[in-house]
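Working notes, structure below.
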Amino acid sequence: MKFFVDTADTADIRDLAATGLLDGVTTNPSLIAKSGRKFLEVVEEICGIVDGPVSAEVVALDHETMMKEAEILRKIADNVCIKVPLTIDGLKTCKALTDEGTLVNVTLCFSANQALLAAKAGASFISPFVGRHDDNGFDGMALIGDIRLIYDNYGFDTEILVASVRHPIHVLESARIGADVMTAPPAVIRMLSKHVLTDKGLEGFAADWAKTGQTIL
Ligand code: G3P
């Protein structure tokens, strides 16, 4: 399963990229606002840090203006992936852009039928929001399972990008189901490395090593 980080914080992206874990980055208008930086500048900087897809979202609601925004965004770098909302205008934009060979991530997906539409429109990625689905009393991971089943039934190439990931169990379940990608905030990715027995083991080794009175350096 590929790991994308869901942030516009370039310090976090650089730090995680150094671990070799990062296969891409996702941003959205809320994350850009949180960064306090200019949208186009921050996307350009992120594209220079990671080789994989960097999702940059259009903000227009109509197809014609989405295409104009996408034109500007895709000129930033070859690894820009245009993020469009799961609306009829977003799907038209998805079809037009993917026909031209541009990567497209269809976002704000909350049902398996929406995911089916995105695949039929040729999306490179579909982003079902599991955390927000859970928040509203639905089963986010069941949605991922349904999309996996449907895409496999028909051999769609669209990659399932699990979004709105809030905790390590979302990551574990995504991998069990066979999602192609998950995108999570930096804190959740770092949390995956944590285990109480790892910490306890390190404490024990450090204490025993101190008893030897030796140093390696
Ligand atoms: O980038 C889309 C998605 O990952 C947002 O997550 O936590 O705002 O629901 P969240």
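Counting convention: from 1, in listed order, for ligands and their atoms alike. Numbers for residues simply follow the sequence, beginning at 1.
- With sequence neighbours left out, F39 forms a ring pair (Phe, Tyr, Trp, His ring centres under 6.0 Å) with no residue at all.
- Applying the side-chain hydrogen bond (donor to acceptor under 3.5 Å, both in side chains) definition to pairs two or more places apart or across chains, those involving residues 99-111 are S55-N105, R74-E100, R74-T102, K95-D99, N105-S127.
- We find that E203 and K200 are not joined by a salt bridge, their nearest charged nitrogen and carboxylate oxygen being 4.0 Å or further apart.
- Using a cut-off of 4.0 Å between Lys/Arg side-chain N and Asp/Glu carboxylate O, D180 and R148 are scored as salt-bridged.
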Protein N/O near ligand 1 N/O, under 3.5 Å, which pairs?
unit_1, atom_1, unit_2, atom_2, d
ligand 1, 1 (O), D6, OD1, 3.0
ligand 1, 1 (O), D6, OD2, 3.2
ligand 1, 1 (O), N28, ND2, 3.0
ligand 1, 1 (O), K83, NZ, 3.4
ligand 1, 4 (O), D6, OD2, 2.6
ligand 1, 4 (O), S164, N, 2.8
ligand 1, 7 (O), R166, NE, 3.2
ligand 1, 8 (O), R132, NH2, 2.8
ligand 1, 9 (O), R132, NE, 2.6
ligand 1, 9 (O), S164, OG, 2.7
ligand 1, 9 (O), R166, NH2, 3.0

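- Partners of F3 according to the ring pair (Phe, Tyr, Trp, His ring centres under 6.0 Å) rule, which considers only residues two or more places apart in sequence or in another chain, do not exist here.
- Note on K211 versus D208: salt bridge recorded, some NZ/NE/NH1/NH2 to OD/OE distance being below 4.0 Å.
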